[in-house]
Chemist: 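After the C-alpha cells below, expect a handful of questions from me.
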Amino acid sequence: MKLKISALTFAFILLAAATACFAQDTLIHGPKELMGHAASGGQLYRRYCVGCHGPAGDGNGENAIWIDPKPRDFTTAVFKCRSTPTGMLPTDDDLFQAIGRGFVNTNMPAWIPLTNHDRADLVAYIKTFSPRWKHEPPAKPISIPAEPAVTSTSIMKGRELYQKMECWKCHGSQGHGDGPSAATLTDSKDNPLRPYNFSVGSRFKCGQSNQDLYRIFMTGLDGTPMPSFADDIKPEDAWDLVHFLRTLQPIRTSETRVWKDWTAAHPEEAKALKPIGPARIAQADDEAGTVKQSTQQIAASNPSSGSAGAAPVGDPLTEKSKVKDSFVALENQLGLAGASTQAAPQSSNTAAPEAAKTNATRPSAAAQADDQAGTVKQSTQQIGALASSSSSGSSAALPVGDAFAQKSKVEGASPQAAPQSSSTATPKTSKANAAIPPASEASAAATLRKSPLSGGALFVQVGAFTKEANAGKLAESLRQENFPAFTITSKDDAYYLVHVGPYPDEKSARIALGELGRAGFKPFILYPDTGGIAQAGN
Amino acid sequence: MNTQHSSGGWGLRFVRSILTCAALVVVVVFTSSQPALAIPAFARKYALPCSACHTAWPELNSFGQAFRDNGYQLGNDHDSPIYQDSGYFPIAIRTQPNWHRESTSNQPIDAVPGDPTTTYGGKVTQHGFGIGGIDIWLAGTLYKNISFSVLPTANLDANGINFEFENAFFRFDNVKSRWLNVKVGKFELDNMISEKRFLFLSGNGGSYQSYHFVPLGDSNDFALGDNQLGVELSGHSVNSYTRYGVAVLTSNSGTPTLPTARSYDTYLTFSQGFEAGRLGLQRLGAYAYVGQRPTYSLTSGGTAISGTGLGTKPFYRVGFSGDLNAGKFEFLPFFMHGWDNVYLGTSTPANQALPDGAQAPSWNGGFIETHYHLTPQFVLTQRDEIIRMSKQALPDNPTNLGNINAYSVGYRWYPIVFSRAGLAFHNEYSLVKTYGSPLTGAFSSSVPVWSSSAYVGLDFAF
C-alpha cells in the first residue's frame with residue numbers, strides 16, 4: 001500500500017513538472033537588475049490585475065464599473081507617477097515602484113507583498129499593452145537636487161509660489177482640495193477627479209517623501225489636470241513649494257515645526273500675511289485701482305517679449321519666466337489660454353506686485369470664471385495693448401467671452417498659427433490672423449522651447465527624434481502633404497517632437513490621425529488639458 | 001459469442017467515451033485562465049478578484065496574508081465602512097454539498113446487532129450525500145484600524161442543526177504601528193499553515209492529524225487546530241514577510257463550557273519570509289504552545305462544576321513550519337514535538353497516585369503538503385503526514401501505539417468565476433492508518449485501523 005501511495009505521489013509531481021515545462025518565457029529587462037518575464041507576468045496579471053484593468057489592459061475589467069477612480073488604461077501608456085518629464089513614458093522602475101506602492105484613495109492596493117520578481121514580471125507584461133513601449137525611446141528621469149534646509153524663508157517663498165502658480169485654484173486656499181476649479185476637474189477620459197486634499201494628511205499619489213512631492217509637480221501627473229511645472233519653477237523654488245505644502249498637512253514634519261515656531265515668534269507678521277487664493281486677487285484689485293494702468297505699465301516696460309528690466313529686486317523667478325509671461329499673453333491671444341495656465345501659470349507675478357495685479361485680470365484666469373466676464377473684456381483689451389507693444393495689431397478685436405469659444409475661432413481661422421507661438425515667432429504671429437504665414441513658411445528649425453499643449457486644443461504627435469534635423473525633415477514633408485506640422489522640444493530638451501495641429505476638437509484630430517495612419521505613421525493624440533497626455537492613435 | 005463481441009464493443013466505446021470526456025475536462029481546465037475567487041465579502045468591498053488574496057481559495061497567498069495581518073485593510077484610506085456603499089454588508093456564506101464515502105477497518109462490531117457480547121473486528125463503510133458546515137461569516141472593519149470577525153457555523157447532525165461560534169473577535173489594528181495589533185475574543189491561532197484555510201475537505205483529510213493529536217488514553221483536550229479564547233498581540237512588517245504573535249489563552253481549548261481550569265496558556269509564533277529569486281517567496285516559521293490542563297475539578301453532588309478545574313498539569317507543543325515555493329509548486333512542511341505531563345498522559349487526577357511506571361508521553365509529528373497551482377483556477381494537492389510516539393505514558397503500551405500515517409490527494413477546480421462569488425469543484429481521497437484499535441475494549445497496536453474518505457463536492461462561497 002505504501003508503495004502504491006508513493007507511486008501516486010511521484011506521478012503527481014511528475015505530471016505537474018511536465019506541465020510546467022510548457023511555460024514560455026519572454027525576457028524583458030526589468031528594474032533593479034531584475035529580469036521581468038512578460039509570460040510570467042501574464043499569469044500574474046490574470047491573477048491579480050485583470051479584475052480591474054481588464055484582459056486587454058484597457059481598464060475595463062469586470063470590476064471597473066464599480067471603481068472610482070477608474071483603473072488605469074495601459075493601452076495608452078499614460079501614467080501618473082513617473083520620474084520622467086510629462087508626456088514621456090515612465091521608467092520600468094517607476095512602474096515597479098507604483099505597483100509596490102499602490103495608489104492612495106483608489107482601489108489600487110500596495111502589492112508590496114509580491115516578490116520583486118513578480119512585480120518585475122508584471123511590469124514586463126504591462127508594457128505589452130501599448131506600442132509606445134516599442135516605438136518610443138526610454139526617457140530619462142528628471143534630476144532632483146539635494147533638498148535645502150527647511151527655513152521659514154523657504155516656507156514663505158513656497159507660500160508665495162502656491163499663490164502665484166495658482167495651486168490654490170484646484171487645491172484650495174488651505175490645501176483642502178476645494179479650490180474654485182476643483183469641481184470641474186476630469187481626467188483624460190473625462191472621469192471626474194478630485195484634487196489632493198493636503199489637510200487629510202494621507203500620503204501622496206506618488207509617494208510620501210519630500211522628494212516624491214518634488215517629483216510630482218516637476219513631472220506632473222499625466223492623465224490628470226495636474227501639470228508639470230518643470231519649465232516654470234527653478235529647483236530651489238520647487239523645494240520652497242515642497243516645504244510650504246508640508247505645512248498644510250496635519251502631520252508632524254520639520255516643516256510644520258519650523259512654521260509653527262516662526263508664527264509663534266512673529267505673530268504680527270504671521271497675521272499680516274496676505275491670504276491665499278481669490279481673496280488676495282480681490283485685495284490686489286482693490287489696491288491696484290485700475291488694472292489697466294498697471295498692465296500698460298508692464299507692457300510699456302516690456303515692449304518686446306518681456307524685459308527683465310521690470311522685475312523687482314528679489315524676484316525669485318528668472319528673466320525666462322518674464323519672457324514667458326509675455327509669451328503667455330500672446331498664447332492667450334491665440335486661444336491657447338490653457339497652455340499658459342498649465343505651462344507657465346502667471347509666473348511673472350511671483351514677486352512683482354504690479355504683475356500680481358495683472359494676474360487678476362489675465363484672460364486665462366478670468367475666462368475660467370464666467371462671473372468675471374466683465375473683466376474679460378478689459379483683459380482682452382489689455383492683451384491687445386500688450387500685444388500691440390509686441391507689434392500686435394488686431395488682438396483687441398478678438399471676441400470677448402468664453403475662452404474656448406475665443407480659442408476656437410482663432411484656431412478655426414488659422415490652425416497653423418498655434419505652433420508659432422514661440423517667442424521667436426512673436427512678431428509674425430502677433431499679427432492679425434490673416435497675416436499669419438502658412439505652415440510651410442514656418443521653419444522646421446524654429447523649434448519651440450515650450451509645448452503649446454493645453455487650453456483644449458488637440459495636437460497629434462507623429463514622431464520623436466534625437467536630432468533636430470530629422471524632426472525638421474519630417475515636419476517639412478508633412479507640411480508638403482498639407483499637414484500643419486511643426487517641431488517642438490520635449491520638456492527636458494532631450495527630444496525633438498513632430499506635432500501636427502492644433503485641432504479644435506477630437507473629431508478633427510482623429511480625422512488627421514487616420515490620415516497620418518494611412519500614410520504609414522503611428523501617430524497618437526495629445527490631450528492638452530491633461531498635461532500633454534498622449535493617447536494611442538489608430 | 002455475439003454477446004461477448006457486443007460486450008467488448010460496448011466496453012471499447014465506454015473507454016473511448018471516458019477518455020474523450022477526460023480529455024475535454026483536461027482541455028477546459030487547463031485552458032482556463034480567469035482568476036479564482038474567495039470569500040467574497042472582501043472582494044465585493046474592494047472589487048478585487050479573490051485570486052488576489054488566495055493562491056486557491058481559501059488558502060491565502062502573501063498578499064492575502066498581508067491583508068489579513070493589516071486588519072482586513074488595504075491601507076488605501078478607503079478601509080472604513082463609511083466609504084462603502086450603504087448597501088454593502090460584510091457577509092459571506094460558504095458551504096459544501098457533497099457525496100462522500102467513509103470506510104474504517106477493524107472496528108468492534110456486534111455480530112448480532114444489539115448483543116455486545118458478540119463483538120468482532122470488521123469494517124464499517126458509510127456513504128451518501130451530505131453538506132459541510134454552513135459558514136455564515138461576517139468580517140471586515142468597524143472603522144479604520146478596528147476590524148472584526150464573527151463566524152457562526154451550522155453543523156448538521158443527527159440532532160438537527162447545531163450552531164456554534166467558530167470565531168468571534170475584535171481586533172485593534174496598527175496600534176501605534178503595524179508591529180502592534182491586539183485581538184480579543186475567540187480566534188484561530190496564528191498558525192503559519194492554517195487548517196481553517198486549507199484545501200482538504202474530506203472526513204479524514206479535512207484536518208491535520210498533527211494539529212489534533214493526543215496520545216491514546218490522554219486527557220488533554222488541546223488541539224492546535226482549534227480556535228481559542230483569549231487575547232493576541234501580533235505584528236508584522238509592511239509586506240508581512242516578518243510576523244510575530246503572542247497570545248494568552250484560557251485553558252479551555254476554545255470551549256468555555258468544559259470543566260476547565262482557571263489558568264492560561266501561551267502561544268508564541270514567529271515567521272520570516274524571504275525571496276529566493278525566481279523560485280518565489282519562501283517562509284519559515286517557528287511556534288511554541290505552552291499550556292496546562294486540569295486533571296480534576298470541584299464537584300457538586302458528584303458532578304463537575306464548569307470552570308473550576310484543579311490539579312492543572314502542563315504540556316507543550318513546539319515546532320516549525322514552512323511555506324516554500326518553486327514556481328507553481330508550493331510545499332508546506334510542518335514539524336511538531338509534543339509533550340504532555342504524565343497525569344495528563346495517563347488521565348490520572350493529580351490528587352491520585354500515578355500508575356506504576358507511568359511517564360510523560362511525547363511524540364513527533366509532521367507533514368509535507370504539496371500544491372501545484374496550474375492556473376489560478378486549478379490546483380492539484382497532496383499531503384503525507386506521519387506521527388510517531390517517542391514515549392508511551394504507560395509501560396505496557398506498545399511502542400507504536402497511536403502512531404499515524406496519513407495521505408491525501410485531490411484537486412480543486414474553480415469553474416465558475418465571478419467577481420462576487422465563487423464555486424469550486426472538489427475531489428479528494430484520503431487515507432489514514434492508525435496503530436491502535438479499540439477492539440474488545442483494549443488498544444491493540446498490532447492491528448492497524450485504516451480509515452479512508454472519498455469526497456466529491458462543490459465548495460460554494462458567496
Side-chain angles (χ1 to χ4, degrees), chain A residues 1-2 4-6 8-13 15-17 19-20 22-23 25 34-35 37 40 42-52 55 61-68 71 100-118 120-121 197 200-203, chain B residues 30 33-37 43-44 46-52 55 61-67 74-78 83 85 237-241 273 275-281 325-329 370-376 380-382 384 405 407 409 417-420 429 431 433 450:
Chain A
M1 190 64 183
K2 188 180 288 183
K4 286 182 181 175
I5 291 167
S6 299
L8 194 65
T9 304
F10 179 74
F12 168 83
I13 294 174
L15 172 67
T19 311
F22 290 102
D25 279 342
L34 296 173
M35 295 288 284
H37 296 256
S40 301
Q43 296 173 32
L44 294 166
Y45 182 87
R46 284 189 288 276
R47 172 178 287 279
Y48 297 112
C49 318
V50 72
C52 296
E62 62 186 8
N63 289 316
I65 57 172
W66 309 108
I67 294 173
D68 178 29
R101 182 179 54 240
F103 291 92
V104 68
N105 291 322
T106 77
N107 277 69
M108 172 71 177
W111 295 100
I112 192 71
L114 271 61
T115 65
N116 288 330
H117 274 95
D118 283 352
D121 290 343
N197 180 355
V200 172
S202 65
R203 63 182 188 271
Chain B
F30 282 56
S33 59
Q34 296 181 57
L37 299 183
R44 282 193 285 270
Y46 289 108
L48 282 173
C50 290
S51 60
T55 53
N61 61 22
S62 59
F63 183 80
Q65 183 66 58
F67 175 75
L74 289 183
N76 60 0
D77 283 0
H78 272 52
Y83 292 105
D85 184 276
S237 60
V238 64
N239 55 10
S240 277
Y241 284 11
E275 297 185 25
R278 301 213 68 85
L279 289 177
L281 180 65
N325 291 277
K328 292 182 177 181
F329 277 104
T370 309
H371 303 161
Y372 180 69
H373 300 279
L374 183 61
T375 73
L380 295 166
T381 59
Q382 76 88 30
D384 294 338
N405 283 26
Y407 312 94
V409 62
V417 179
F418 297 119
S419 58
R420 300 294 186 267
Y429 180 77
L431 190 62
K433 180 185 180 184
W450 289 92

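Labels below follow one simple rule: chain letters A, B, ... track the order of the sequence lines, proteins then strands, and each chain is numbered from 1. Just so you know, these numbers come straight off a predicted model, no measurement behind them.
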Chemist: Would you call the rings of Tyr372(B) and Phe329(B) parallel, tilted or perpendicular, where under 30° means parallel and over 60° means perpendicular?
Modeler: tilted
Chemist: Of the backbone (N, CA, C, O) and the side chain (C-beta and beyond), which part of Asp118(A) lies under 4.5 Å from a heavy atom of chain B, both, or neither?
Modeler: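 It is neither, since no heavy atom gets under 4.5 Å.
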Chemist: Which one of Asn107(A), Asn105(A), Val104(A) has the most heavy-atom pairs closer than 4.5 Å to chain B?
Modeler: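 That would be Asn105(A).
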Chemist: Please examine the side chains of Arg278(B) and Ser40(A), heavy atoms only from C-beta on, and report whether any two atoms are closer than 4.5 Å.
Modeler: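 The answer is yes; the side chains approach within 4.5 Å.
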Chemist: Checking Tyr241(B) against chain A: side chain, backbone, both or neither under 4.5 Å from a heavy atom?
Modeler: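 Side chain of Tyr241(B) only, per the 4.5 Å heavy-atom cut-off to chain A.
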Chemist: Less than 4.5 Å to any heavy atom of chain B: does that hold for the side chain of Thr106(A), its backbone, both, or neither?
Modeler: backbone
Chemist: Quick one: are Pro109(A) and Phe63(B) in side-chain contact, heavy atoms under 4.5 Å?
Modeler: yes
Chemist: Say you draw a straight line from CD of Gln43(A) to CG of Leu374(B); how long is it, rounded to the nearest 0.5 Å?
Modeler: 9.0 Å
Chemist: Heavy-atom distance under 4.5 Å to chain B: side chain of Leu114(A), backbone, both or neither?
Modeler: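 Both backbone and side chain.
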Chemist: What distance separates Thr55(B) OG1 from Arg47(A) CZ, expressed to the nearest 0.5 Å?
Modeler: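 Thr55(B) atom OG1 to Arg47(A) atom CZ measures 6.5 Å (nearest 0.5 Å).
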Chemist: Go through Gly277(B), Ala326(B), Gly280(B) and name the one with the most non-hydrogen pairs under 4.5 angstrom from chain A.
Modeler: Gly277(B)
